[in-house]
Amino acid sequence: MQIQTLAAHEKGAELKPFTLEVDSPEGYDCILKVLACGICHSDIHVIDNDWGNSRYPVVPGHEVVGEVVELGNQVKHLKAGDRVGVGWQGSACLQCRDCLRGDENLCDKNEGLIISGYGGFANYLRVDSRFAFPIPAGIKTEAAGPLLCGGVTVYSALRYAGMTSGQEIGVIGVGGLGHMAVQFASKLGNRVTVFTTSDDKAEFASKLGAHDAIVVPAGSSPPQLDRKFNILISTVPAALDWSAYIEYLDSDGTLTVVGVPEEPLSIPLWSLLTKRRRVMSSLIGGRAIITEMLDVAARFGIEPIIETFPLEQVNEAMDKVRSNKVRYRAVLTVS
Ligand SMILES: NC(=O)c1ccc[n+]([C@@H]2O[C@H](COP(=O)([O-])OP(=O)(O)OC[C@H]3O[C@@H](n4cnc5c(N)ncnc54)[C@H](OP(=O)(O)O)[C@@H]3O)[C@@H](O)[C@H]2O)c1
Ligand SMILES: [Zn+2]
Ligand SMILES: [Zn+2]
């Protein structure tokens, strides 16, 4: 069949129509009719080849919600008509130690949907059904996609940083990922402070569930604070004054960095050593934690706040993401 996509043909390019030919699905593959697809900042990193592994033409889109329309003969857990979501990961070996303990995202053979193949800025998508997740009934179609990449990234990073309840948690950057981190952390019973460059986001933060908001202009260091945090999560795609944020951590506190700045992190050892603090990072989440996150989101009413654009207006939407004007996640809708 023919699939109509929108693709970047070179580094940083505008997206243009691009037609793909795909065969009928075999084995574990299935074909989805795309209903909606979120725009994650990682789509921009890949269009711009920031990570040096982009293959053009790049068809972005890895927060996909679609309806199953065709299945390979090995697919048993899905049927035609099911509503599923697909995130960053397109496949894994499913046999290595990481895969066997449910950390498919850590597999050496893990493949990014939009790195090794084509993503969801399209009318149809062919995917490995083992990385397509049924969307719980309570979650709206247009809002579900961002949970599959942004949502699981922050949920998993917070959980592996030790998030339980009753903790002080700081969220740095209130974009697509950050505004979901605020919701997960606060709805699960933590006290949340946001650090944002945007005045309007500081004002809105309490509606997301944050208890406090601090404006830190881009390029500035955060102010002195008496409060100590158990966990800080950075969702910012730029370098920050890491030392200043580490000083906010309580003893045994953790800074988890999921945003991807260009520069290496420079951290004085003493700021960690004297208080047994940790710095960690984390890539999306495996299949078990994606399923858990979707359950938690449905049970606690956690949904991204979205701005929708018809697929044809993709370049307008991308410009808004690039200029940090989206509140809080752009989602393309496909008719
Ligand atoms: N680790 C993973 O598995 C994973 C998964 C998905 C995405 N990511 C990465 O996470 C990052 C964020 O993605 P996203 O989709 O949430 O992006 P986004 O929606 O564009 O949000 C990023 C936010 O960071 C803040 N920010 C941007 N530039 C800044 C600067 N120069 N200084 C300070 N703050 C700045 C802004 O928040 P305020 O307006 O509040 O300041 C902005 O809304 C990207 O690097 C993306 O590639 C990682
Ligand atoms: Zn993403
Ligand atoms: Zn593996």
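Here the structure is a predicted model, which is why all the values come from computation and not from measurement. As the structure lists them, so they are numbered: ligands from 1, and atoms in each ligand from 1.
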Looking only at distances, can you tell me whether any N or O atom of V174, backbone or side chain, sits closer than 3.5 Å to an N or O atom of ligand 1?
yes
Vertex the Zn ion (ligand 2), ends C149/SG and C40/SG: angle to nearest 10° comes to 130°
Closest to atom 24 (O) of ligand 1 (heavy atoms only, candidates G176, A157, G285, P237) is P237
Exercise. Before signing off on this row, confirm whether Y328 and ligand 1 have an N or O atom pair separated by under 3.5 Å.
Key: no
Ranked by distance from atom 14 (P) of ligand 1, the top protein heavy atom is H41 CB, 3.5 Å
Filtering D200, N324, D43, N105 for the heavy atom nearest atom 36 (C) of ligand 1 leaves N324
Next on the checklist: Check whether F131 forms a cation-pi arrangement with R287 (NZ or CZ under 6.0 Å from the six-membered ring centre, at most 45° off the ring normal).
Outcome noted: yes
Atom 16 (O) of ligand 1: closest protein heavy atom, distance to 0.1 Å, is L177 N, 2.8 Å
The atom name of the N, O or S atom in H62 nearest to the Zn ion (ligand 2) is NE2
Ranked by distance from atom 6 (C) of ligand 1, the top protein heavy atom is C149 SG, 3.5 Å
Counting backbone and side chain alike, does H41 bring an N/O/S atom below 2.8 Å of the Zn ion (ligand 2)? no
- Item | Between Q89 and E111: side-chain donor-acceptor atoms closer than 3.5 Å | no
Is it the case that ligand 1 has an N or O less than 3.5 angstrom from some N or O of S42? yes
(message) For F195 and Y245, take the angle between the two ring planes, folded into 0 to 90°, and tell me which bin it lands in: parallel under 30, tilted 30 to 60, perpendicular over 60.
(response) perpendicular
Review point. Do the ring planes of W88 and H62 sit parallel (below 30°), tilted (30 to 60°) or perpendicular (above 60°)?
Key: perpendicular
Ranking V236, V258, V260, V321 by closest non-hydrogen atom to atom 29 (C) of ligand 1, top hit is V236
At the Zn ion (ligand 3), SG of C96 and SG of C99 open up to roughly (10° bins) 110°
Closest to atom 10 (O) of ligand 1 among protein heavy atoms sits G259 CA, 3.4 Å
Flag G219 as yes when one of its N or O atoms lies below 3.5 Å from any N or O atom of ligand 1, and as no otherwise.
-> no
